[in-house]
There are 4 protein chains.
Amino acid sequence: MFIQINPDNGLAIYDQVVRQVKFGIADGVLRKGELVPSVREMARQLAINPNTVARAYRQLQDEKLLETVRGTGLQVTETAPRQCRRERRELIGERLGSVLAEAAQSGLDPGELSALIEREMSKVNRRRKS
Amino acid sequence: MFIQINPDNGLAIYDQVVRQVKFGIADGVLRKGELVPSVREMARQLAINPNTVARAYRQLQDEKLLETVRGTGLQVTETAPRQCRRERRELIGERLGSVLAEAAQSGLDPGELSALIEREMSKVNRRRKS
Amino acid sequence: MFIQINPDNGLAIYDQVVRQVKFGIADGVLRKGELVPSVREMARQLAINPNTVARAYRQLQDEKLLETVRGTGLQVTETAPRQCRRERRELIGERLGSVLAEAAQSGLDPGELSALIEREMSKVNRRRKS
Amino acid sequence: MFIQINPDNGLAIYDQVVRQVKFGIADGVLRKGELVPSVREMARQLAINPNTVARAYRQLQDEKLLETVRGTGLQVTETAPRQCRRERRELIGERLGSVLAEAAQSGLDPGELSALIEREMSKVNRRRKS
DNA sequence: GTGGTCTAGACCACC
DNA sequence: GTGGTCTAGACCACG
């Protein structure tokens, strides 16, 4: 499964699902025309409530990134990949900007901030390899 | 006023106040023994409800960063500055780590991520100078 | 309901709720993993405002005695019972010490004090049986 | 000075002053016709605000335990000693009852409660001798 | 004036 | 249904 839920990162669970489905599409893990996992299957795998998954899927439909295939499931739309690649930068850029703004406003000096960024980057990379 | 509330950054308002008071102490804007702005004054300046400020201040008291001076106000404790400087790195590091983890997990390639960081940093710096 | 609010005993209502939930856990009325009554239910039964209950529960969470189960309620943590049994003695010992100190300082003679203790003990026991 | 303020015993400061003046009268430290310390003097000695002392004295006047002597100060009334001896038992009895009720309600077993009482009594006595 | 507490009632996210 | 947050407005104790 390409999605990981982190209950402590401040984002609502349904929003994490939305974002990560978008990321999956942007990344090519989910291709246009492909079916996303069913609400029940996704809920089971993430150990969250099916309603929460349903809500995320509903929002993705509203944004024309998923569409129903009668009696079969939800598939990635034709136009989704391009849109998701564009959105990925925006979504991450926004969060990044918000955090960096807080860091700057906190009086943390730029050198210390750079050190922090590097440290957290290497943490992430280490986790990634394993 | 050294505090700015941003209703859209996902953090609860009371939590933003908590964090920014900590940052103010870490940064030396608030020195030990100094009184923080009164609940009512802070609420007026931030245009939020006094109860929300009171809640933030209560939490800061629970963490022994503020203490009441009866009938006078709340003052920064003796030990607060050291603790706040330590915490500042942790608080920002956590949020940073969470965002970078999402970025990595999204499949965004490292070069593009670096570009994003630089872009957002320069945005923040521009805002800072003005 | 295992909780009784007494508006005239000098303790804030939220604090009475905190203490009595701790006592309930110490006493085994609330076991680890069990859900405490919902905020609204508790408020209804004690005829107090839900916010007051919420505040008490929040404090119990801060002390790691309760933890949220999303969308379900608050449950007693694994470690709560041991901690609550320890705290029970402390909480009562403190109040007892404070009253006895006042009694001693008042010049009441020890014999009269003993008589008072016995009288109040028997009052309590009588109330208890009924 | 026969009065000691304890900011942490849950009672308001003015109430502690009221109670302890009553205890002083009950105990004979203050005799009928004698002048109590002036508001300013008392405030200085207890390191509290004169308004707080004034408030306590006002309440004692309302209860006919103190009366003004024009241009001189406040003196203990004729009837105060008898009344204060009676009240002393009530005031202490009430607090004692409230604590014991809480102890009983907490599920603490009677043996453990007795042990606690004894421990706190001996603490008080030790402090008293020194 | 200060903080502390409580009530009433609202909206949100999640199950 | 659940808890979490926020607003509005009140009263009290204290300086």
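In what follows, every chain begins at residue 1, and chains take the letters A, B, ... in the order their sequences are listed.
- Partners of C/Glu63 under the side chain to side chain contact (heavy atoms under 4.5 Å, CB included) rule, at least two apart in sequence or in another chain, are C/Lys22, C/Gln59, C/Leu65, C/Glu87.
- Residues C/Gln75 and C/Glu34 are not in side-chain contact: their nearest non-hydrogen atoms beyond the backbone lie 4.5 Å or more apart.
- Across all strands shown, B/Gln75 has no heavy atoms under 4.0 Å from either base or sugar-phosphate atoms.
- Looking only at distances, a side-chain donor or acceptor of B/Asn49 sits under 3.5 Å from a matching main-chain atom of B/Asn51.
- Each of C/Ala47 and B/Val39 was matched to the nucleotide of DNA chain E holding its nearest heavy atom; the match closer to the 5' end belongs to B/Val39.
- Rounded to 10 degrees, the angle separating the terminal axes of the helix from E/dG1-F/dC14 to E/dC14-F/dG1 is 10°, with each axis obtained from five end pairs.
- Residues C/Glu67 and C/Gln61 bring no donor and acceptor atom of their side chains to less than 3.5 Å of each other.
- Exactly one residue among A/Leu66, A/Val36, A/Val76, A/Leu74 makes a side chain to side chain contact (heavy atoms under 4.5 Å, CB included) with A/Leu60. That residue is A/Leu66.
- Residue order along DNA chain F, read from the 5' end via each residue's closest nucleotide, puts C/Gly73 first among B/Pro50 and C/Gly73.
- The nucleotide range of DNA chain F contacted by chain C, defined by atoms under 4.0 angstrom from heavy atoms of the protein and reported 5' to 3', is F/dG1 to F/dC6.
- With hydrogens and angles disregarded, no donor-acceptor distance shorter than 3.5 Å links the side chain of A/Thr52 to the backbone of A/Pro50.
- Residues satisfying the side-chain hydrogen bond (donor to acceptor under 3.5 Å, both in side chains) test with D/Arg44, not counting sequence neighbours, are D/Glu41.
- Few gaps surround CZ on D/Arg86; more than 12 heavy atoms of other groups in view lie less than 6.0 Å from it.
- In this model, a donor atom of one side chain and an acceptor atom of the other lie less than 3.5 Å apart for A/Gln105 and B/Gln20.
- With sequence neighbours left out, B/Ser106 forms a side chain to side chain contact (heavy atoms under 4.5 Å, CB included) with A/Phe23, A/Arg88, A/Ile92, B/Leu108.
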Every protein N/O within reach of nucleotides 13-15 of chain E N/O, cut-off under 3.5 Å:
unit_1	atom_1	unit_2	atom_2	d
E/dC14	OP1	A/Ile13	N	2.6
E/dC15	OP2	A/Thr52	OG1	2.2

